[in-house]
A.B. asks: 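Please find one structure pasted underneath; my questions will follow.
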There are 2 protein chains.
Amino acid sequence: MVTVHDVARHAGVSIATVSRALNDRSRVSAATRDRVLRIATELGYHPNDLARGLAGMATRTIALLLPDITNPFFPELVKGVQTVADERGHLLLMCHNADDEDKAIADLVLLRRKRVDGILLVAGTLPGVGVVAASAGIPTVVLDRRVPGLDADLVTVDHRAGARLGVEHLLGLGHRRIAYLTGPADVVSSQERSEGWREALVAAGVEPTPDLVVGGDFTEDGGYAAGRELLTRPAGITAVFAANDLGAIGLLRALTEAGLRVPDDVSVVGFDGVHLAAYTSPRLTTVAQPIFDLGRTAAELLLNRLAAAPAPGSEPQTLVLPTRLEIRNSTASYPLSCQV
Amino acid sequence: MVTVHDVARHAGVSIATVSRALNDRSRVSAATRDRVLRIATELGYHPNDLARGLAGMATRTIALLLPDITNPFFPELVKGVQTVADERGHLLLMCHNADDEDKAIADLVLLRRKRVDGILLVAGTLPGVGVVAASAGIPTVVLDRRVPGLDADLVTVDHRAGARLGVEHLLGLGHRRIAYLTGPADVVSSQERSEGWREALVAAGVEPTPDLVVGGDFTEDGGYAAGRELLTRPAGITAVFAANDLGAIGLLRALTEAGLRVPDDVSVVGFDGVHLAAYTSPRLTTVAQPIFDLGRTAAELLLNRLAAAPAPGSEPQTLVLPTRLEIRNSTASYPLSCQV
DNA sequence: CTGAAAGCGCTTACAG
DNA sequence: CTGAAAGCGCTTACAG
């Protein structure tokens, strides 16, 4: 490995000058800098980031902690983050914790040892107690879901308002008996979407009775099981609002398998707006989040914080991006529908 | 930040002893070691990996380079890799290059600076020339797709044999005019699947004419466009073999939209066996790769290499895992089908 | 079993 | 503008 010493020797300068030429573009003569740079290139010099970090420099590395890599929501989010990281010359490291808080904490411990500059945290089902401690002192932006107790910037959408949007669409179509396919019980965003469903129903004078709620977990499997369960209920359901698209996809399959037609017999609305939702059969009407922008915005917020002078008095920021109802082919008006 | 010096002072020993107690479990008395360990915990000591790496130790970090995070194939692969990394106490870093070789090279350069111990490389469409150079000297295992010129271990499936499996299934059902939905032209695995399709047809006495081939790119969008294109051809096609599941999903949508029924009017076979393929409508018959095991096996191979004494004479290994035909509901026998 | 010292590759005041 | 020196936090022969 070629080091600053090699470059210094070949250039006939000290290692301090090499370092300055490489980093601090100000306090070195143009001629010297050019020569050093040229020789560094000729020699195939690559700075050792470990040494750099040890000597106190930023590592220009941020980490993204993902709770669930299987949900197509996250790849789209990653793209948004990646775009910004690339633009600003930062390396993006991703760690996957499968919604396991201990794994997330372990990742955080290791990332701290590596002296990452900042962290983008998608909270998932994490209660956050251990995570809050493990991320202490590292600039952090939380994505999509709020972590109780974490005093960090947050970028998210208004899940509750989004859910109302979806349910109001169904109400406007004439549906009254609108079931709700939940996400995992301990995920905050899932809870908020649940409240949105409830509020929209109540506002329309419909009682959100327990027989309208069926438990899911944000996966196709969970949505499928929920669909099978719904079919056994004599609830007169004509529409289902699903807490996320992946669950809706599983639900669609259960309904279709049972011989029901969507949207002729039952209407279905999803949440997230993943790319895939445009390819289901029928194409899924859904409450779309600006997923890419969510990632982009969070990354920008983090990198701006890192670039700014450390301002201890600055309040944590919350950015709420808008959702949008994407009407496709899985919803139809009630008079034209039969009941489940 | 508490350092070895703090621990040493509190324990009344030298930093050398602290280091030994922390790492080398042999050359320190049990009593001393226990005391040091206890004090390190009390003080909340966390070793600085930058310093460790600088001093010559392994970083216990491996990186996974992904060409396409949107394809659900990759999340399942990541899970396999992650499992092994966790078991063996390594941090897994993921980098996404969106099939852009320059980005992959940039990642490789940065990862080298960070002194990752080894690399898992999913090659994607990368021609590999620059990548080969950028990964030189770092233990590397290539996943899924061969990189011409890279003298590294390879874990993959026999794409050609897998494709034959899928096409033979259709031939066995009585289909003759079997179209092929390609992947990106420069992806090796896509090319090999294409050859499998061709071979199976030829072996059955069917000529693989150009009007049977339609171009895709492994995405839903590509599959959809290909489906629209196929519909305009007077080729008498009764079945389509798709180079991957995601493409098949887009194809399904184009066919369905045009009023065709799958499998009654057209049979469709995919490739990959992503979880999602069990949730399409109809459920997709596909040539399944052991995706999770692919990731697991590659990670094990890499970590075994890292653990072993550096053996310069050791030949690069190639591990070929079996594919399996997963018959679901998107294929039916030809006599019962009409033509496109 | 344990300590003093050198060294990993860099950056950054401090002088000049 | 430039160099000599100290220091970042660790590990590892080398002595004892």
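Protein chains get the first letters and strands the later ones, always in sequence-line order, with residue 1 at the start of each.
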A.B. asks: For DNA chain C, which consecutive runs of 3 or more Watson-Crick or G-U pairs (each distance under 3.5 Å) count as stems?
C.D. replies: C:1-3 with D:14-16, C:5-12 with D:5-12, C:14-16 with D:1-3
A.B. asks: Return the polar atom pairs (N/O with N/O) between nucleotides 8-11 of chain C and the protein under 3.5 Å, or none.
C.D. replies:
from, atom 1, to, atom 2, distance (Å)
dC8(C), O2, L54(B), O, 3.3
dC8(C), O2, A55(B), N, 3.4
dG9(C), N2, A51(A), O, 3.3
dC10(C), OP1, Y45(A), OH, 2.4
dC10(C), OP1, N48(A), N, 3.2
dC10(C), OP2, V4(A), N, 2.4
dT11(C), OP1, N23(A), OD1, 3.4
dT11(C), OP1, N23(A), ND2, 2.6
dT11(C), OP1, R52(A), NE, 2.9
dT11(C), OP2, S19(A), OG, 2.5
dT11(C), OP2, N23(A), ND2, 3.3
dT11(C), O5', S19(A), OG, 3.4

A.B. asks: Would you confirm whether R35(B), through its side chain, and A11(B), through its main-chain N or O, come within 3.5 Å as a donor-acceptor pair?
C.D. replies: yes
A.B. asks: On a heavy-atom basis, which atom in P139(B) and which in D117(B) lie closest, and how many Å separate them?
C.D. replies: CD-O, 3.4 Å
A.B. asks: Using the salt bridge (charged side-chain N to carboxylate O under 4.0 Å, His left out) rule, collect all pairs that involve residues 293-304 of chain B, keeping only residues at least two apart or in two chains.
C.D. replies: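 Sorted result for residues 293-304 of chain B: E87(B)-R296(B), R296(B)-E300(B).
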A.B. asks: Does T70(B) use its side chain to pair, donor to acceptor, with the backbone of D68(B) at less than 3.5 Å?
C.D. replies: no
A.B. asks: Provide the full list of salt bridge (charged side-chain N to carboxylate O under 4.0 Å, His left out) pairs with a residue in residues 72-81 of chain B, sequence neighbours left out, each pair given once.
C.D. replies: none
A.B. asks: Reckon T17(B) has a side-chain N or O less than 4.0 Å from the OP1 or OP2 of dG3(C)?
C.D. replies: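 Indeed, a polar side-chain atom of T17(B) lies that close.
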A.B. asks: Going by side-chain hydrogen bond (donor to acceptor under 3.5 Å, both in side chains), name the residues that satisfy it together with T32(B), two or more places apart in sequence or in a different chain.
C.D. replies: S29(B)
A.B. asks: Rounding to a whole Å, what distance do you find between R35(B):CZ and dT2(C):C1'?
C.D. replies: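 Taking CZ of R35(B) and C1' of dT2(C), I get 12 Å after rounding.
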A.B. asks: Would you call D107(A)-K103(A) a salt bridge at under 4.0 Å N-O?
C.D. replies: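 The answer is yes: the pair qualifies as a salt bridge.
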A.B. asks: Taking only side-chain N and O atoms of S29(A), does any of them lie within less than 4.0 angstrom of OP1 or OP2 on dT2(D)?
C.D. replies: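 Yes.
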A.B. asks: With sequence neighbours left out, what residues match H10(A) under ring-ring contact (aromatic ring centres under 6.0 Å, His included)?
C.D. replies: none
